[in-house]
Amino acid sequence: MGSSAIVKFAIVMFLVGVASAQLSTNFYAKSCPNLFFAVNSAVRSAISRETRMGASLLRLHFHDCFVNGCDGSILLDDTPSFTGEKNAAPNFRSARGFDVVDNIKSAVERACPGVVSCADILAITARDSVHILGGPYWNVKLGRRDSRTASQAAANNSIPPPTSSLSALISSFNRVGLSAKDMVALSGSHTIGQARCTNFRARIYNETNNLDASFATSRRSNCPRASGSGDNNLAPLDIQTPNAFNNDYYKNLIAKKGLLHSDQQLFNGGSADSTVRKYSSNPRQFSSDFAAAMIKMGDFRPLTGSSGEIRRNCRKPN
């Protein structure tokens, strides 16, 4: 990292620290004591109906935090005054689970109306999804408020695409106060979930140097070469245990079986190789670092105090 990049990263970290100081793990202890039970029950119900939903809910929190901070903006529908983030390139026909968030919000509103933000619900939901699928548990810092607007342009510019190089990934994560190590740990979220053919087609047909041939052949069976054909066909991001949150993702990378180009960039002769090797052989270290990085990501530019609002409906400003 160059000197100017180090300075920018330091400034970001200072600003993150100022805002996150107002977040706390017991923020709703008195105002909504049944919050965690209400959220966990709804998340468990959603995952029992469709295991993939756990990954989808986790992804919503990621994509929310990367765009102007963790403020619930990804949940807003378009209005006459702004075009929201749901149809931005990284989210179009990809971001999902909005109806589940609506159900969770309704359950929370019944328990304590007008108290808990949609941004905080996303943070708790992400933690519960990971834990229910076998991953680590961490204490979620709370006290965020909801934005009154959203930005499709910001979503297009802020969320790293699956074509990203290692250096681009590191830069994208640095912009939200996360280190290269955090980036590798958080990329382990791809141990669950699925990707659309349109996002891995170029890798399985055009890349050869860092791609297992048999893996490419198996993926091609459900992802035709021609653009526009089978674009929405799905494949698991983790070929070994797609519904369990573990460290198999890193083992896949070492075996040259990363589904996305951006996945395999983490193990391609570069600076992230050693961290991938560490996580592949040390699941406890991965779980610990993942949880720490999730807390750190959740600290990025929250609206607190009198900023923003507590939305009654996560899809629209009050």
Side-chain angles (χ1 to χ4, degrees), residues 12 15-16 19-20 22-23 39 46 53 55-106 108-109 114-127 129 140-162 164 171-178 186 189 193 196 199 294 296-318:
V12 168
L15 295 174
V16 166
S20 65
Q22 298 179 58
L23 303 181
V39 173
M53 187 54 66
S56 299
L57 294 172
L58 172 60
R59 190 164 179 261
L60 284 180
H61 183 46
F62 268 86
H63 283 210
D64 182 40
C65 291
F66 266 72
V67 183
N68 296 323
C70 310
D71 60 3
S73 59
I74 192 172
L75 302 174
L76 289 171
D77 291 335
D78 295 350
T79 73
S81 60
F82 65 81
T83 302
E85 298 162 24
K86 291 182 176 179
N87 290 318
N91 298 326
F92 181 63
R93 293 183 178 174
S94 176
R96 58 196 298 274
F98 298 108
D99 54 337
V100 174
V101 175
D102 289 341
N103 292 338
I104 296 169
K105 175 65 170 174
S106 295
V108 171
E109 286 294 300
V115 172
V116 182
S117 69
C118 300
D120 276 347
I121 286 173
L122 285 182
I124 301 168
T125 298
R127 187 271 311 276
S129 295
V140 179
K141 292 163 69 174
L142 301 167
R144 302 169 192 82
R145 289 167 64 84
D146 296 320
S147 67
R148 295 186 175 94
T149 188
S151 171
Q152 185 177 103
N156 283 329
N157 292 327
S158 302
I159 300 170
S164 296
S171 295
S172 292
F173 279 70
N174 278 175
R175 284 195 290 271
V176 294
L178 297 166
L186 291 174
S189 61
R196 297 162 60 225
N199 286 326
M294 285 294 291
K296 195 171 170 184
M297 183 182 73
D299 283 346
F300 184 64
R301 290 180 59 184
L303 297 173
T304 58
S306 59
S307 299
E309 64 184 13
I310 304 297
R311 276 185 230 140
R312 291 185 292 271
N313 179 338
C314 289
R315 292 177 180 261
K316 59 184 182 180
N318 292 341

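Computed from a predicted model, the values in this text were never measured in an experiment.
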Taking all atoms of both residues into account, what is the closest heavy-atom pair of [X] and [Y], and its distance?
X	Y	answer
Gly308	Leu303	CA-CD1, 4.1 Å
Met297	Phe62	SD-CD2, 3.7 Å
Gly84	Ala150	CA-CB, 3.9 Å
Ser73	Asp64	N-OD1, 3.0 Å
Ser147	Gly72	OG-C, 4.5 Å
Val67	Ala154	CG1-CB, 3.6 Å

How many angstroms lie between atom [atom1] of [X] and atom [atom2] of [Y], to the nearest 0.5 angstrom?
X	Y	atom1	atom2	answer
Leu142	Ile121	CG	CD1	10.5 Å
Cys314	Ile104	SG	CD1	9.0 Å
Thr304	Asp71	OG1	CG	12.0 Å
Glu309	Asn318	CD	CG	4.0 Å

Report the C-alpha distance between Leu75 and Val101 in whole Å, list the side-chain angles of each, state the deciding distance to 0.1 Å, and finish with yes or no for side-chain contact (heavy atoms from CB on, under 4.5 Å).
-> CA-CA 9 Å; Leu75 302 174; Val101 175; 3.9 Å; yes

Can you find a heavy atom in the side chain of [X] that is under 4.5 Å from one in the side chain of [Y]?
X	Y	value
Cys70	Leu122	no
Pro90	Asn156	yes
Pro302	Leu23	yes
Asp102	Arg315	yes
Leu186	Met294	yes

For [X], what residues pass the side-chain hydrogen bond (donor to acceptor under 3.5 Å, both in side chains) criterion, not counting sequence neighbours?
X	result
Asn157	none
Asp146	none
Ser171	none
Asn199	none

Could you tell me whether the side chains of Thr83 and Gln152 share a donor-acceptor contact shorter than 3.5 Å?
-> no

With [X] via side chain to side chain contact (heavy atoms under 4.5 Å, CB included) - residues at least two apart:
X	result
Ser129	Val43, Ile47, Leu57, Thr125
Thr149	Phe82
Arg59	His63, Ser94, Ala95

Are the charged groups of Lys141 and Asp299 less than 4.0 angstrom apart, N to O?
-> yes

Is a donor on one side and an acceptor on the other found under 3.5 Å between the side chain of [X] and the backbone of [Y]?
X	Y	answer
Glu109	Arg312	no
Asn174	Leu178	yes
Ser158	Ala155	no
Lys105	Val116	yes

Using the salt bridge (Lys or Arg N to Asp or Glu O under 4.0 Å) rule, collect all pairs that involve [range], keeping only residues at least two apart or in two chains.
range	result
residues 115-127	Asp120-Arg144
residues 87-100	Glu50-Arg96
residues 81-90	Asp77-Lys86

Indicate, with yes or no, if the rings of Phe66 and Phe173 have centres closer together than 6.0 Å.
-> yes

Would you please name every residue forming a salt bridge (charged side-chain N to carboxylate O under 4.0 Å, His left out) with Arg145, sequence neighbours left out?
->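 So Arg145 forms no salt bridge (charged side-chain N to carboxylate O under 4.0 Å, His left out) with any residue.
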
